[in-house]
Amino acid sequence: LQSNIVGTPTLFFTVNGNKVALTQGEQIAVRSSMQNVDHVDIQNAPVVFLGYGVKAPERNWDDFKGVDVKGKTILVLINDPQVPDPSDSSKLDAALFNGKAMTYYGRWTYKFEEGSRRGAAGILIVHESGAAGYPFSVVQGNLRERFDLVAPDKNMGRASIEGWLTLDATRKLLAQA
């Protein structure tokens, strides 16, 4: 087992030359790296918004189509794509992503795995309590010391940064972009 690094990170984005700081545990929740390293630092990693961050070929859905995310920070929405039912726009299409029932594609674990498979330096999920099915306080629980199995590559295949942004923090950040 590997004990992850514990500490209080300095978290900020540079948007149009301006530093936008975010408070760990309040606006953003970045958990310690799953990589077996003492320090992670991603700089000059452009942020790319990728919708729900889902590639589901059996559903003919690919938010990554034509986008190279290697070395970038991806920003994705929690849950599955919210596609309205063609016969009743007040409901979700049960045929595409099981309607209101979350598939594996909607879970944060999938989003971290898929982003890592594609070489993203960082993966941030926009947290919305309704869409996630739980409040941000649950996400804050990921800030405590964590343990993980060490893969043969010492988890270097994982993104350096994995975390969540509140919806308000995301709006603040994107309003400046």
Side-chain angles (χ1 to χ4, degrees), residues 11 13-16 20 22-31 34 42 45-143 146 148 157-177:
L11 302 163
F13 292 86
T14 303
V15 182
N16 294 325
V20 179
L22 297 173
T23 306
Q24 171 75 328
E26 291 177 29
Q27 299 168 301
I28 189 169
V30 174
R31 64 187 190 173
M34 293 297 173
I42 58 174
V47 176
V48 178
F49 176 70
L50 284 173
Y52 289 90
V54 170
K55 179 182 170 106
E58 75 284 5
R59 296 165 196 251
N60 199 26
W61 194 278
D62 188 357
D63 288 325
F64 292 90
K65 187 175 183 177
V67 181
D68 178 11
V69 300
K70 190 166 183 62
K72 297 174 182 163
T73 298
I74 63 171
L75 180 64
V76 298
L77 300 170
I78 192 67
N79 211 326
D80 295 306
Q82 304 292 288
V83 180
D85 185 317
S87 62
D88 182 354
S89 62
S90 68
K91 298 178 181 176
L92 295 178
D93 187 349
L96 190 55
F97 281 97
N98 297 354
K100 290 176 81 173
M102 186 185 294
T103 70
Y104 186 62
Y105 294 116
R107 298 185 49 77
W108 57 266
T109 49
Y110 166 79
K111 293 166 191 304
F112 290 158
E113 291 165 2
E114 188 64 28
S116 292
R117 274 191 287 275
R118 294 174 175 277
I123 304 157
L124 296 172
I125 299 171
V126 179
H127 179 82
E128 293 182 77
S129 295
Y134 48 84
F136 194 68
S137 60
V138 172
V139 170
Q140 292 166 322
N142 280 296
L143 301 180
R146 310 272 304 175
D148 201 352
R158 300 282 296 264
S160 296
I161 301 282
E162 297 176 345
W164 299 261
L165 282 167
T166 65
L167 182 58
D168 287 341
T170 303
R171 286 182 173 143
K172 173 185 172 183
L173 183 65
L174 294 180
Q176 296 185 39

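All values below come from the heavy atoms of this structure, side chains included, with hydrogens, waters and symmetry mates left out. Just so we're clear, the structure is a prediction, and the values are computed from it rather than from any experiment. We count residues from 1, following the sequence as given.
- Atom CG of residue L96 and atom CD of residue Q82 lie 10.5 Å apart, to the nearest 0.5 angstrom.
- Scanning for side chain to side chain contact (heavy atoms under 4.5 Å, CB included) contacts around T14 gives F12, with sequence neighbours left out.
- Atom CG of D63 sits about 8.0 Å away from atom CZ of F49, to the nearest 0.5 Å.
- Looking at residues two or more places apart in sequence or on another chain, you find a ring pair (Phe, Tyr, Trp, His ring centres under 6.0 Å) between Y134 and H127.
- The ring pair (Phe, Tyr, Trp, His ring centres under 6.0 Å) check on F64 picks up nothing, with sequence neighbours excluded.
- Distance alone, capped at 3.5 Å, places no donor-acceptor pair between the K100 side chain and the L92 backbone.
- Closest heavy-atom contact between G53 and V76: CA-CG1, 3.6 Å.
- Within the structure, side chain to side chain donor-acceptor pair (under 3.5 Å) pairs that include any residue of residues 163-177 do not occur (at least two apart or interchain).
- Summarising the geometry, atom CD1 belonging to I78 is positioned 5.5 Å from atom CE belonging to M102; distances are rounded to the nearest 0.5 Å.
- Listed by chain and residue number, V54, E58, R59, W61, F97, Y105 satisfy the side chain to side chain contact (heavy atoms under 4.5 Å, CB included) test with A56 (two or more places apart in sequence, or in another chain).
- Qualifying side-chain hydrogen bond (donor to acceptor under 3.5 Å, both in side chains) partners for N79, counting only residues two or more places apart in sequence or in other chains: none.
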Carefully, step by step, assess T73 and I161 under the rule side-chain contact (heavy atoms from CB on, under 4.5 Å).
CA-CA 8 Å; T73 298; I161 301 282; over 6 Å; no

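- Between A29 and V139, the shortest heavy-atom contact is CB-CG1, 3.6 Å.
- A side chain to side chain contact (heavy atoms under 4.5 Å, CB included) with I28 holds for exactly one of L173, T23, L124; it is L124.
- Residues forming a side-chain hydrogen bond (donor to acceptor under 3.5 Å, both in side chains) with D88 (at least two apart in sequence, or on another chain): S90.
- Nearest heavy atom pair, residue A45 against residue G71, reads CB-O, 3.3 Å.
- Judged as a salt bridge (Lys or Arg N to Asp or Glu O under 4.0 Å), and not counting sequence neighbours, the contacts of K55 are D62.
- Applying the salt bridge (Lys or Arg N to Asp or Glu O under 4.0 Å) rule to E114 yields the partners R117, R118; only residues at least two apart in sequence or on another chain are considered.
- A distance of 11.5 Å separates CG of L75 from CD1 of I123, quoted to the nearest 0.5 Å.
- Taking all atoms of both residues into account, the shortest heavy-atom contact from N16 to A177 is ND2-C, 3.7 Å.
- Separation of atoms CZ (F13) and CG (L174) is listed at 9.0 Å; rounding is to 0.5 Å.
- At least one donor-acceptor pair under 3.5 Å links the side chain of S116 to the backbone N or O of A159.
- Within the structure, the salt bridge (Lys or Arg N to Asp or Glu O under 4.0 Å) test picks out no pair touching residues 64-82 (sequence neighbours left out).
- Partners of S87 under the side-chain hydrogen bond (donor to acceptor under 3.5 Å, both in side chains) rule, at least two apart in sequence or in another chain, are D85.
- With sequence neighbours excluded, the residues satisfying side-chain hydrogen bond (donor to acceptor under 3.5 Å, both in side chains) with Y104 are E113.
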